[in-house]
Amino acid sequence: MLLAVLSILLSFILVVIGVLAFGISGGQLPLLALAIPMLWLIPQGGVATWVLLVGMSLFGLTLDSQPLSLSIAVWTLFPVLMVVFSRRKSIHLVVFIVSVVIAMEAGIMALQYEGKLNGSAYSTFLQILSVVLVWVAARSWKPVNRNAWWPLVLVIPLWIGGLQHAALVALSITGLIVCLQSVSRSKYRDWLPMMSWLLPVIGFSTLIISPKFEVPTSIMVSWLMILLIGWVTDFMMQVDEDEPVD
């Protein structure tokens with residue numbers, strides 16, 4: 001149990017470090033920083049790793065054209081997808097949550113299209129698609145037993161080249177994957193759904209709390225609405241599942 005608890009706590013810390021490092025970069029993150037964790041997984045990850053690679057690549061290509069807060073907020077869609085495609089799903093609740101999410105994301109994209117919010121609607125769509133691809137990869141993921149550690153050497157040129165923030169992001173993502181795989185191998189793997197909610201919340205909350213970063217009101221409202229609707233829907237589905245059948 002100790003190892004699982006330490007992995008969970010470390011994953012929270014790594015998310016905070018990764019978001020702060022990403023924030024310092026101002027969204028100017030080289031693709032190598034995202035490629036390092038993927039190269040670390042590729043040798044034994046199978047098809048899921050390639051889907052993950054495509055998803056992360058799409059996400060990386062949009063970073064320089066999107067507000068930092070929006071790039072972090074979009075990851076709240078990951079646990080929402082888990083709720084929408086849950087085995088205990090209710091069609092009425094699914095329609096409800098999907099409608100709210102579409103309305104919130106469409107509102108953000110409309111503001112971008114009208115020039116009232118930085119970034120582009122097309123980039124927002126690509127980021128949403130990237131999260132969907134990462135969720136697909138995670139859903140069919142099998143823990144990798146032997147990783148190729150040589151890609152971590154690529155962190156050195158990033159650090160020497162004055163891109164310490166990019167090196168920290170690469171190490172944070174790699175460490176996060178290690179922690180999640182450690183939990184998934186343990187008897188406490190049932191904690192992973194809880195972590196899928198907490199990790200995006202911790203990431204976005206880091207931006208809200210830190211005085212160094214500014215979060216536009218429209219993005220904060222959209223994030224909060226999606227988060228609350230997702231939580232409420234998940235809770236209602238659990239209640240329906242627990243109700244005794246007459």
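One is the number of the first residue; the rest follow in order along the sequence.
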Could you go through I128 and L77, starting from their C-alpha distance and side-chain angles, then the distance that decides it, and tell me whether this counts as side-chain contact (heavy atoms from CB on, under 4.5 Å)? CA-CA 8 Å; I128 294 172; L77 294 176; 3.9 Å; yes
Does some side-chain heavy atom of [Y] sit less than 4.5 Å from a side-chain heavy atom of [X]?
X    : Y    : answer
F204 : I219 : yes
E105 : I226 : yes
S11  : M195 : yes

Qualifying salt bridge (Lys or Arg N to Asp or Glu O under 4.0 Å) pairs with a residue from residues 106-124, counting only residues at least two apart or across chains: E114-K116
What are the two closest heavy atoms between [X] and [Y], and how far apart are they?
X    : Y    : value
V94  : V84  : CG2-O, 3.7 Å
N118 : Q112 : O-NE2, 3.1 Å
V16  : I202 : CG2-CG2, 3.6 Å
L58  : T62  : O-CG2, 3.3 Å
G230 : I97  : CA-CD1, 3.6 Å

Quick one: does [X]'s side chain have a donor or acceptor within less than 3.5 Å of a partner on [Y]'s backbone?
X    : Y    : result
S196 : P193 : yes
Q127 : V74  : no
S222 : S218 : no
S123 : G119 : no

The test is side-chain contact (heavy atoms from CB on, under 4.5 Å); show your working for C179 and I8 and say whether it passes. CA-CA 7 Å; C179 291; I8 291 173; over 6 Å; no
Hey, quick one: are L10 and V183 part of the same hydrophobic cluster, counting side-chain heavy atoms closer than 4.5 Å, chains of contacts allowed? no
side-chain contact (heavy atoms from CB on, under 4.5 Å) assessment of W223 paired with L70: CA-CA 9 Å; W223 172 81; L70 185 55; over 6 Å; no
So which of F22, F59, W135 actually passes ring pair (Phe, Tyr, Trp, His ring centres under 6.0 Å) with W75? F59
Whether W197 and W231 hold their rings parallel, tilted or perpendicular, with breakpoints at 30° and 60°: tilted
Under 3.5 Å donor-acceptor pairs involving side-chain atoms of residues 160-178, not counting sequence neighbours:
unit_1: Q164; atom_1: NE2; unit_2: W159; atom_2: O; d: 3.4
unit_1: S172; atom_1: OG; unit_2: L168; atom_2: O; d: 2.7
unit_1: T174; atom_1: OG1; unit_2: A170; atom_2: O; d: 2.9

For K212, all residues meeting salt bridge (charged side-chain N to carboxylate O under 4.0 Å, His left out), sequence neighbours excluded: none
